[in-house]
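See structure below.
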Amino acid sequence: MNARPAPEFPTWPQYDDEERTGLIRALEQGQWWRMGGEEVASFESEFADFHGAPHALAVTNGTHALELALQVMGVGPGTEVIVPAFTFISSSQAAQRLGAVAVPVDVDPDTYNIDVAAAAAAVTPRTRVIMPVHMAGLMADMDALGKLSADTGVPILQDAAHAQGARWQGKRVGELGTVAAFSFQNGKLMTAGEGGAVLFPESDLYEAAFLRHSCGRPRTDRHYKHQVAGTNMRLNEFSAAVLRAQLRRLPAQTELRDRRWTLLSRLLGAIDGVVPQGGDVRADQNTHYMAMFRIPGITEANRNALVDRLVEAGLPAFAAFRAVYRTDAFWEAGAPDETVEQVAERCPNTEAINSDCVWLHHRVLLADERNLEITAEIIADAVAAI
């Protein structure tokens, strides 16, 4: 591969005096946890308004957001949750840690989102939740999923860890009538290092989640009358103060990423052997958490070597998520009564993506056009050298 100058990308996370001001405000209020302070409650209100949801509950991280949402939706031992086979493993483990069986189904080879027909085929009398993941901020087919939910009576939980600010046919995540879970881990589109949130369309689910996320204790309890078996998933005031600033910065960043992806996807598509992640015109706001592309036909070993070359050339490049069923962790508890190869046989698209997909951190899409051109040139050189 010919030596090229490394491109320059903005650092991540991004912050300025807004975060500093928020942290000082949280510090000086004198109450540093949500029951006595104002930052968490204010963030929840602002986050809910931003997404068009009636209720938002901030929690410790995105995995806990999924686990809590699943629990109040009735997931537990003896139930099943349908998840995409291609996703970060929190999507399946959140169900498995509740004692449920996670049932992986295939994804679309172009969008990498859940294959709704495959999800429909996996529904059984034990299915309690269908969990689409909005991969890299591209919303799954919420029309087809909504119909599947209506036909089967199985509710949808949106794993929106990548999708803060995403829209489907003009509707924000919180306007689609389902529960949705978000992550604010350090690499996410808005972050406090860790953190998560759940949007609820109904007050009863929200109240049940609030109780369980705070050790089963009502807000006004002074006598330790814990009403349900809960745990401590409360977000702290300092993280909430940072997230309030991050949320205000998000719309401008999302607009820039969208414009930059238009350019980068065109450049990637012009490289022989490279296929960028597709889109869906109905997903009219894609947040582009990752810049993803495939090299169909490449082996996993060569894909991994390609990622190493890209990193050496200065790109924040990563191998895509491993298929959940191809991890040891998936089979520890709550796995379907199948072998790895049986699951793989019904997930051919996931099998391919597992081996041939690469992603770039979203800070690439905050760079100027010249640095995106350099990025594409580096990728072209690396692919040609395989």
Side-chain angles (χ1 to χ4, degrees), residues 34 40-59 62-76 79 81-83 91 94-95 98 100 113-114 116 119 123 127-134 137-184 190 195-214 219 228 230 233 235 243 247 250 282-285 287:
R34 73 158 300 146
V40 174
S42 295
F43 169 66
E44 289 170 335
S45 177
E46 292 161 3
F47 194 74
D49 287 346
F50 182 76
H51 288 95
H55 307 282
L57 181 65
V59 296
T63 304
H64 282 165
L66 290 171
E67 189 172 325
L68 181 64
L70 289 169
Q71 186 175 28
V72 299
M73 294 173 75
V75 170
T79 66
V81 176
I82 294 172
V83 300
S91 302
L98 293 171
N113 281 329
I114 194 168
V116 181
V123 173
T127 306
R128 191 56 55 88
V129 170
I130 300 168
M131 185 197 296
V133 176
H134 302 318
L138 174 65
M139 292 192 73
D141 187 343
M142 295 304 294
D143 290 349
L145 286 162
K147 184 178 186 305
L148 175 59
S149 179
D151 290 346
T152 61
V154 179
I156 301 296
L157 167 59
Q158 300 178 66
D159 182 338
H162 305 169
Q164 296 91 337
R167 290 195 310 264
W168 177 261
Q169 298 203 97
K171 290 185 177 181
R172 294 167 289 175
V173 172
E175 295 176 310
L176 294 167
T178 84
V179 180
F182 296 81
S183 171
F184 309 127
M190 49 181 288
V198 189
L199 300 181
F200 294 100
E202 301 166 356
S203 59
D204 58 342
L205 284 177
Y206 165 74
E207 292 296 341
F210 190 99
L211 200 61
R212 290 193 181 276
H213 106 296
S214 191
R219 290 178 179 83
V228 297
M233 296 182 180
L235 189 71
L243 289 169
L247 181 61
L250 181 63
R282 297 170 296 174
D284 54 337
Q285 181 64 79
T287 56

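All values below come from the heavy atoms of this structure, side chains included, with hydrogens, waters and symmetry mates left out.
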- When rounded to the nearest 0.5 angstrom, what is the spacing between CD in Q158 and CG in L66? 11.5 Å
- Note on the structure: The salt bridge (Lys or Arg N to Asp or Glu O under 4.0 Å) partners of R34 (sequence neighbours excluded) come to E44
- Side-chain donor or acceptor of H51 paired with backbone N/O of G165 under 3.5 Å: yes
- Item | Verdict with reasoning, I130 to V116, per side-chain contact (heavy atoms from CB on, under 4.5 Å) | CA-CA 10 Å; I130 300 168; V116 181; over 6 Å; no
- Task: Before giving the answer on side-chain contact (heavy atoms from CB on, under 4.5 Å), spell out for L205 and V179 the whole-Å C-alpha distance, their side-chain angles and the decisive distance to 0.1 Å.
- Result: CA-CA 9 Å; L205 284 177; V179 180; 3.9 Å; yes
- Minimum-distance pair of heavy atoms, taken over all atoms of P54 and P201: CG-O, 3.7 Å
Distance-only donor-acceptor pairs under 3.5 Å for side chains of residues 137-151, two or more places apart:
from : atom 1 : to   : atom 2 : distance (Å)
D141 : OD1    : D143 : N      : 3.2
D141 : OD1    : A144 : N      : 3.0
D141 : OD1    : R282 : NH1    : 3.3
D141 : OD2    : R282 : NH2    : 3.2
D143 : OD1    : W168 : NE1    : 2.9
D143 : OD1    : Q169 : NE2    : 3.3
D143 : OD2    : Q169 : NE2    : 2.8
K147 : NZ     : D151 : OD2    : 2.7
S149 : OG     : V154 : O      : 2.6

- At their closest point, which heavy atom of V129 faces which heavy atom of M73, and how far apart are they? CG2-CE, 3.8 Å
- Working to the nearest 0.5 Å, report the span between OG1 of T63 and CG of D159. 9.0 Å
- Which heavy-atom pair separates A209 from F200 by the least distance, and what is that distance? CB-CZ, 3.4 Å
- Task: Identify the two heavy atoms, one from A65 and one from V198, that lie closest to each other, and give their separation to 0.1 Å.
- Result: O-CG2, 3.5 Å
- Nearest heavy-atom neighbours spanning V173 and A180: CG1-CB, 3.5 Å
- Return the orientation label for the F43 and F47 ring planes: parallel under 30°, perpendicular over 60°, tilted otherwise. tilted
- Roughly how far, to the nearest 0.5 Å, is NE2 of H134 from CZ of F182? 7.5 Å
- Message: Donor-acceptor check, side chain of R128 to backbone of G74, threshold 3.5 angstrom: yes or no?
- Response: yes
- Please walk me through it: do L235 and L243 pass side-chain contact (heavy atoms from CB on, under 4.5 Å)? CA-CA 11 Å; L235 189 71; L243 289 169; 4.0 Å; yes
- Task: Measure the OG1-CE distance between T287 and M190 for me, rounded to the nearest 0.5 Å.
- Result: 12.0 Å
- Could you go through the side-chain contact (heavy atoms from CB on, under 4.5 Å) check for L68 and L57 one step at a time? CA-CA 10 Å; L68 181 64; L57 181 65; 3.7 Å; yes
- Using the test side-chain contact (heavy atoms from CB on, under 4.5 Å), find all partners of E46 that sit at least two apart in sequence or belong to another chain. S42, R244, L247, R248
- Kindly say whether F210 contributes a backbone atom to a donor-acceptor pair with the side chain of H213 at under 3.5 angstrom? yes
- Message: Check whether E202 reaches the backbone of G177 with its side chain - one donor and one acceptor, N or O, closer than 3.5 Å.
- Response: no
- Query: If you take all heavy atoms of A208 and V72, which pair is closest and at what distance?
  - Reply: C-CG1, 3.9 Å
